[in-house]
A.B. asks: 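Following this message is one structure expressed as structure tokens.
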Amino acid sequence: MSATGSDARRHAGGRRPYVRSMDGWWKRDPYFIRYMAREATAIFVAAYAIVLLFGLYRLSQGPAAYDGWLQALKSPLSLAFHLAALATFVYHTWSWFNIMPKTMPILFAGGKRVTPAAITSAGLAAAIVMCLVIFGIVWRIA
Amino acid sequence: MMKRSNEPIFWSLFGAGGMLAALIGPALVFITGIAAPFGVLLPADTMSHAHMLAFTQNWIGKLFLLAVIPLLLWHAAHRVAIMLHDFGVHAVAAVKLICYGVAFAGTVATAWLLLAPGS
């Protein structure tokens, strides 16, 4: 400890040193806000999975129970939830492939590094194709 | 020898669930939450009891739901555990136990509902 350290302590007069609060830390920087928005999508992901699981449970209880669940899906509250969930999932898709260049190992093709923009574009394109394929399959068999 | 971390297991489940949600999540929410219940772009009987029973009695349907529901839960559990830590909840063991516990219970419930005899 240097002399300046002990001087500082004497000047502080034994009072507790100021410690910057961590409350609301994530609101301090747009980068932190984006990080929190990305993490918060998990709440809707969990809620949606639980809605599906509950439907599966009601299905196991017979037609009357299942129809009750289906009827609940037609309520305005359910519609509002699923519209919000849809927006959240689209944001999840967008953010997932935006951070993918940072979370995956560096990729080389033909001796050159694949650019982060190319990885993001490929991921988003794959998501669009997969969503259309899933919807197409359901549309065909429904 | 260093104690092995269990983090890779949870991170893999988080990653798999995140990838699945990113690739097909928007389509699933649109189909089950909007299009089928309200008859938008899809017939109103898309998710009728008969159709869903046939879907869950089919092996492809079983495998699909067995992947979707648990992986979304594990993905969300990992993120919620980290989010609680970010908001200053530092009881790491308790947070992980609750978050991963819910995902585990959801996984067991899904498996039971799809694989139990007579289901």
Side-chain angles (χ1 to χ4, degrees), chain A residues 22-23 25-26 35-36 38-53 55-57 59-60 62-64 66-67 70-71 73-75 78-79 81-83 85-86 88-90 92-97 100 103 123-124 126-127 129-135 138-139 141-142, chain B residues 14-15 17-19 21-39 41-43 45-53 55-56 65 68-83 86-88 99 102-103 106 109-110 112-114 116 118-119:
Chain A
M22 286 301 285
D23 291 348
W25 63 267
W26 55 276
Y35 164 77
M36 267 305 172
R38 196 169 72 215
E39 297 298 298
T41 60
I43 292 164
F44 275 95
V45 172
Y48 178 66
I50 289 167
V51 168
L52 290 188
L53 179 55
L56 197 56
Y57 167 65
L59 187 68
S60 74
Y66 179 78
D67 285 346
L70 205 56
Q71 209 56 44
L73 281 189
K74 293 175 185 171
S75 69
S78 170
L79 179 63
F81 165 76
H82 283 97
L83 285 173
L86 180 61
T88 311
F89 268 81
V90 169
H92 167 78
T93 301
W94 186 85
S95 62
W96 185 259
F97 290 117
M100 207 164 100
T103 52
L124 290 174
V129 170
M130 286 298 288
C131 281
L132 289 175
V133 166
I134 292 283
F135 189 82
V138 173
W139 188 73
I141 61 178
Chain B
F14 157 78
M19 185 58 84
L23 287 174
I24 65 171
L28 292 183
V29 174
F30 178 70
I31 291 166
T32 70
I34 298 162
F38 295 94
L41 298 177
L42 289 175
D45 71 339
T46 302
M47 289 194 349
S48 67
H49 180 262
H51 284 165
M52 282 301 105
L53 202 60
F55 182 67
T56 57
L65 289 172
V68 169
I69 297 174
L71 285 178
L72 291 188
L73 287 175
W74 284 104
H75 168 79
H78 188 75
R79 275 197 163 161
V80 169
I82 287 169
M83 207 157 44
D86 290 339
F87 279 125
C99 290
V102 169
T110 307
W112 173 257
L113 290 167
L114 288 166
S119 62

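A, B, ... follow the sequence lines: proteins, then strands. Residue 1 opens every chain.
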A.B. asks: Does B:Asp45 offer a backbone N or O that forms a donor-acceptor pair with the side chain of B:His51 under 3.5 Å?
C.D. replies: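 Looks like yes, one N/O pair under 3.5 Å.
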A.B. asks: Grab the two heavy atoms, one from A:Lys74 and one from B:Pro37, that are nearest each other, plus how far apart they are.
C.D. replies: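 Scanning both residues, the minimum pair turns out to be CE-O, 3.3 Å.
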A.B. asks: Using heavy-atom distances under 4.5 Å, tell me whether A:Phe135 contacts chain B through its side chain, its backbone, both, or neither.
C.D. replies: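 Its backbone and side chain both get close to chain B.
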A.B. asks: What are the two closest heavy atoms between A:Val51 and A:Phe81, and how far apart are they?
C.D. replies: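 What the structure gives for the nearest pair is CG2-CE2, 4.1 Å.
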A.B. asks: Tell me, for A:Trp96 versus chain B, whether the close heavy atoms (under 4.5 Å) come from the side chain, the backbone, both or neither.
C.D. replies: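 The side chain, not the backbone.
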A.B. asks: If you take all heavy atoms of B:Met47 and B:Met52, which pair is closest and at what distance?
C.D. replies: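 Heavy atoms of B:Met47 and B:Met52 come nearest at O-CG, 3.8 Å.
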A.B. asks: In sequence, state the C-alpha distance, the side-chain angles, and the governing distance for A:Met36 and B:Phe87, and then conclude on side-chain contact (heavy atoms from CB on, under 4.5 Å).
C.D. replies: CA-CA 10 Å; A:Met36 267 305 172; B:Phe87 279 125; 4.0 Å; yes
A.B. asks: Can you tell which part of A:Tyr57 gets under 4.5 Å to a heavy atom of chain B, answering side chain, backbone, both or neither?
C.D. replies: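 Looking at A:Tyr57, backbone and side chain both touch chain B.
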A.B. asks: Could you check which of B:Ala27, B:Ser48, B:Pro26, B:Gly17 has the highest count of heavy-atom pairs closer than 4.5 Å to chain A?
C.D. replies: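 The option with the most such pairs is B:Pro26.
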A.B. asks: Measure A:Phe97 against the heavy atoms of chain B and call it side chain, backbone, both or neither at under 4.5 Å.
C.D. replies: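 A:Phe97 touches chain B through side-chain heavy atoms alone.
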A.B. asks: So for B:Ile24, is it side chain, backbone, both, or neither that comes closer than 4.5 Å to the heavy atoms of chain A?
C.D. replies: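 It is both, since atoms from each part get that close.
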A.B. asks: For a side-chain contact (heavy atoms from CB on, under 4.5 Å) check, start with the C-alpha distance between A:Ile134 and B:Leu23, then their side-chain angles and the critical distance, and finish with the verdict.
C.D. replies: CA-CA 10 Å; A:Ile134 292 283; B:Leu23 287 174; over 6 Å; no
A.B. asks: Need one label for A:Leu70: side chain, backbone, both or neither, based on atoms under 4.5 Å from any heavy atom in chain B.
C.D. replies: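 Side chain of A:Leu70 only, per the 4.5 Å heavy-atom cut-off to chain B.
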A.B. asks: Could you pull out the closest heavy-atom pair between B:Ala36 and B:Thr46, with the gap in Å?
C.D. replies: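 The pair with the smallest heavy-atom distance is CB-CB, 3.9 Å.
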A.B. asks: Could you check which of B:Val68, B:Thr32, B:Ile82, B:Leu65 has the highest count of heavy-atom pairs closer than 4.5 Å to chain A?
C.D. replies: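 Going by pairs under 4.5 Å, I would pick B:Thr32.
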A.B. asks: Give the member of A:Tyr66, A:Phe44, A:Trp26, A:Trp94 that has the highest number of heavy-atom pairs under 4.5 Å with chain B.
C.D. replies: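 Ranked by heavy-atom pairs under 4.5 Å with chain B, first place is A:Tyr66.
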A.B. asks: So which part of B:Asp86 gets closer than 4.5 Å to some heavy atom of chain A, the side chain, the backbone, both or neither?
C.D. replies: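 Both backbone and side chain.
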A.B. asks: Under a 4.5 Å heavy-atom cut-off, does chain A meet the side chain of B:Leu71, its backbone, both or neither?
C.D. replies: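 The answer is neither part of B:Leu71.
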A.B. asks: Just how far is it from atom CG of A:Leu86 to atom CG of B:Leu28, taken to the nearest 0.5 Å?
C.D. replies: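 A:Leu86 atom CG to B:Leu28 atom CG measures 11.0 Å (nearest 0.5 Å).
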A.B. asks: Side chain from CB out, backbone as N, CA, C, O: work out which of these in A:Trp25 comes under 4.5 Å of a heavy atom of chain B, or both, or neither.
C.D. replies: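 Side chain only.
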A.B. asks: If we define contacts as heavy-atom pairs under 4.5 Å, which of A:Ala40, A:Cys131, A:Ala126, A:Ala142 has the most with chain B?
C.D. replies: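 Greatest number of close heavy-atom pairs with chain B: A:Cys131.
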A.B. asks: Below 4.5 Å, heavy atoms only, C-beta onward: do A:Ile43 and B:Met83 meet side chain to side chain?
C.D. replies: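 Yes - at least one pair of side-chain heavy atoms lies under 4.5 Å apart.
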A.B. asks: Among A:Arg38, A:Met22, A:Met100, which has the most heavy-atom pairs under 4.5 Å with chain B?
C.D. replies: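 Among the listed options, the one with the most contacts to chain B is A:Arg38.
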A.B. asks: Using heavy-atom distances under 4.5 Å, tell me whether A:Tyr35 contacts chain B through its side chain, its backbone, both, or neither.
C.D. replies: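 For A:Tyr35, the side chain is the part near chain B, not the backbone.
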A.B. asks: Under 4.5 Å, counting heavy-atom pairs only, tell me which of B:Gly15, B:Gly88, B:Ala35 racks up the most with chain A.
C.D. replies: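 Greatest number of close heavy-atom pairs with chain A: B:Gly15.
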A.B. asks: Show the nearest heavy-atom pair for residues B:Phe14 and B:His75, with the distance to one decimal.
C.D. replies: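 Looks like O-ND1, 3.0 Å.
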A.B. asks: Over all heavy atoms of both residues, which pair between A:His92 and B:Gly18 is shortest? Give the atoms and the distance, please.
C.D. replies: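 Distance-wise, the nearest heavy atoms are NE2-O, 2.9 Å.
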A.B. asks: Between A:Thr88 and chain B, with a heavy-atom cut-off of 4.5 Å, which part of the residue counts as in contact: side chain, backbone, both or neither?
C.D. replies: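 Neither; nothing under 4.5 Å.
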A.B. asks: Considering only heavy atoms, which portion of B:Leu114 lies under 4.5 Å from any heavy atom of chain A: side chain, backbone, both, or neither?
C.D. replies: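 Contact with chain A: side chain only.
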A.B. asks: Considering only heavy atoms from C-beta outward, does the side chain of A:Phe89 approach that of A:Thr41 to under 4.5 Å?
C.D. replies: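 Not in contact.
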A.B. asks: Counting only non-hydrogen atoms closer than 4.5 Å, does B:Val102 touch chain A with its backbone (N, CA, C, O), its side chain (CB onward), both, or neither?
C.D. replies: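 No part of B:Val102 comes within 4.5 Å of chain A.
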A.B. asks: What option among A:Gly123, A:Gly62, A:Pro63 has the most heavy-atom pairs under 4.5 Å with chain B?
C.D. replies: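 When all of A:Gly123, A:Gly62, A:Pro63 are compared, A:Pro63 has the most.
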A.B. asks: Tell me, side chain or backbone of B:Phe30 under 4.5 Å from chain A's heavy atoms, or both, or neither?
C.D. replies: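 Answer is both: backbone and side chain atoms of B:Phe30 are under 4.5 Å from chain A.
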A.B. asks: Find out whether B:Leu113 and A:Leu53 are in side-chain contact, i.e. whether some heavy atom of one side chain is under 4.5 Å from a heavy atom of the other.
C.D. replies: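 When only atoms from C-beta onward are counted, A:Leu53 and B:Leu113 do touch, with a gap below 4.5 Å.
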A.B. asks: Which atoms of B:Thr56 come close to chain A, meaning under 4.5 Å heavy atom to heavy atom: side chain ones, backbone ones, both, or neither?
C.D. replies: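 Only the side chain of B:Thr56 comes within 4.5 Å of chain A.
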A.B. asks: Please rank B:Ala109, B:Ala21, B:Pro43 by heavy-atom pairs under 4.5 Å with chain A and give me the top one.
C.D. replies: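 Most heavy-atom pairs within the cutoff with chain A belong to B:Ala21.
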A.B. asks: Sort B:Ile31 into side chain, backbone, both or neither according to what part of it lies under 4.5 angstrom from a heavy atom of chain A.
C.D. replies: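 Only the side chain of B:Ile31 comes within 4.5 Å of chain A.
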A.B. asks: Taking A:Tyr48 for its side chain and B:Leu72 for its backbone only, find out whether a donor-acceptor pair lies under 3.5 Å.
C.D. replies: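 Side chain of A:Tyr48 to backbone of B:Leu72, a donor-acceptor pair under 3.5 Å: no, none is there.
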